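Only one structure is covered here, and it is reproduced in the block below.
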Amino acid sequence: MFNVKKDISKSYTLPASFYRSPAVFEEVKEKVLASSWLWVGDSSDLAEQGQQHPFTLLEGVLDEPLLFTKDKKENIHCLSNVCTHRGKIIVEEARKGRMLQCGYHGRCFGLDGSFKRQVAFEGAENFPSLEDNLSKIPFVEWLNMLFVSCNPQVPFEEMVAPIMERVAYLPLNEMEYDPNTSVDYFVDANWALYCDNYLEGLHVPFVHPELNEALDFGDYDYEIFPYCNLQLGIADENENRCFTPPKGHPDHGKRIYAWYFWLFPNLMLNFYPFGLSLNVVIPLRHNKTKVSFRTYKFKGTELSPSDYCIDATEMQDEAVVESVQKGIQSRFYRQGRFSPTHEKAVHHFHSLIQEYMAK
Ligand code: FES
Ligand SMILES: [Fe+2]
């Protein structure tokens with residue numbers, strides 16, 4: 001099915017069937033999505049001791065019932081929210097308390113998921129055992145955000161190291177979530193088409209006239225890392241809103257309009273002078289995607305996403321992506337080729353998809 005070659009100049013893009021087939025989407029669920037680190041929320045939502053915060057990992061797609069807890073030592077735990085007795089969901093709604101108790105037959109667990117007690121099990125052999133504890137789910141807290149993975153293939157810290165190299169000098173811990181400029185979009189297209197479009201600047205002059213004014217397209221650059229990549233937006237000489245990184249920084253001497261980072265498989269971290277615009281690409285079905293735009297602002301900034309035509313740009317992107325979703329249904333389109341200069345990051349994404357799908 002796949003014909004993504006290491007050498008971009010010889011390579012083909014992912015085949016149309018990858019984006020249009022419900023059967024392939026089923027495979028993607030386990031091989032890509034369940035095997036990756038997924039953004040699930042902000043750690044500020046877990047501020048208090050005793051908090052029990054149930055959630056479903058990728059509802060409608062992975063449907064994994066999970067639970068965050070915060071114990072009295074302020075440690076966060078990510079647990080399976082499924083009772084080890086007969087499988088009821090343990091915490092149905094967010095609540096606070098020192099213990100987790102299943103509402104079916106009363107089995108109790110500590111906030112770290114360890115089995116505590118169960119009535120009427122006298123005489124049960126080899127009980128309780130380790131299997132009666134709730135499964136612990138790998139998670140990480142990074143930049144005050146929470147990521148989980150059912151089956152991680154790569155340590156998260158390793159994946160994000162190239163991002164930190166660029167942005168660690170910024171006041172990241174002082175960024176605050178801004179609900180007023182955060183918004184969800186729904187796109188009638190496969191999630192990977194949305195990512196493909198994000199990953200290249202080749203379309204910018206054709207699709208985004210306003211953005212094209214602010215960026216110096218001649219200096220637009222791409223850097224590929226093992227599990228993330230960067231598009232370096234250089235500010236046009238008439239554009240004053242930009243980062244001027246300090247000495248020793250890899251971009252010292254450049255005027256950075258934005259660092260556009262993509263983290264495999266479905267997260268975009270766009271650092272602008274106002275802060276971070278996080279785009280979480282959430283697959284809903286093989287041809288339906290939700291994209292959550294979340295704004296985290298630097299303290300005291302007077303800039304906002306509206307100064308960057310982010311909404312207009314998004315509408316333009318959605319229109320082309322939805323058009324591609326229609327196009328790839330064609331009997332006459334199978335796959336394409338890559339621009340070796342401007343589609344390196346798309347090629348990177350397709351290579352990783354091919355690698356994960358082969359596992
Ligand atoms: S299913 Fe939870 S106690 Fe029985
Ligand atoms: Fe775009």
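Predicted model, so just to flag it, every value in this text is computed and none were measured. Just follow the structure's listing: the first ligand is 1, and inside any ligand the first atom is 1. All residue numbers refer to positions in the sequence shown, counting from 1.
The closest protein non-hydrogen atom to atom 1 (S) of ligand 1 is R86 N, 3.3 Å.
Within ligand 1, counting atoms from 1 as listed, the ones closer than 4.0 Å to a heavy atom of R107 are 3 (S).
Screening F68, F139, F156 for a ring pair (Phe, Tyr, Trp, His ring centres under 6.0 Å) with F147, the sole residue that qualifies is F156.
Checking C102 against atom 4 (Fe) of ligand 1, every N/O/S atom stays at or beyond the 2.8 Å cut-off.
The aromatic rings of F293 and Y185 sit perpendicular, their planes meeting at an angle over 60°, well past the 30° parallel limit.
In this model, no donor atom of one side chain and acceptor atom of the other lie less than 3.5 Å apart for N287 and D188. No side-chain donor-acceptor contact under 3.5 Å links N229 and Y260.
In H85, the N, O or S atom that comes nearest to atom 4 (Fe) of ligand 1 is ND1. Atom ND1 is the N, O or S atom of H105 at the shortest distance from atom 4 (Fe) of ligand 1.
The angle subtended at the Fe ion (ligand 2) by OD1 of D317 and NE2 of H203 is 100°, given to the nearest 10°.
The existence of a salt bridge linking K31 and E26 is excluded, since no basic side-chain nitrogen approaches an acidic carboxylate oxygen closer than 4.0 Å.
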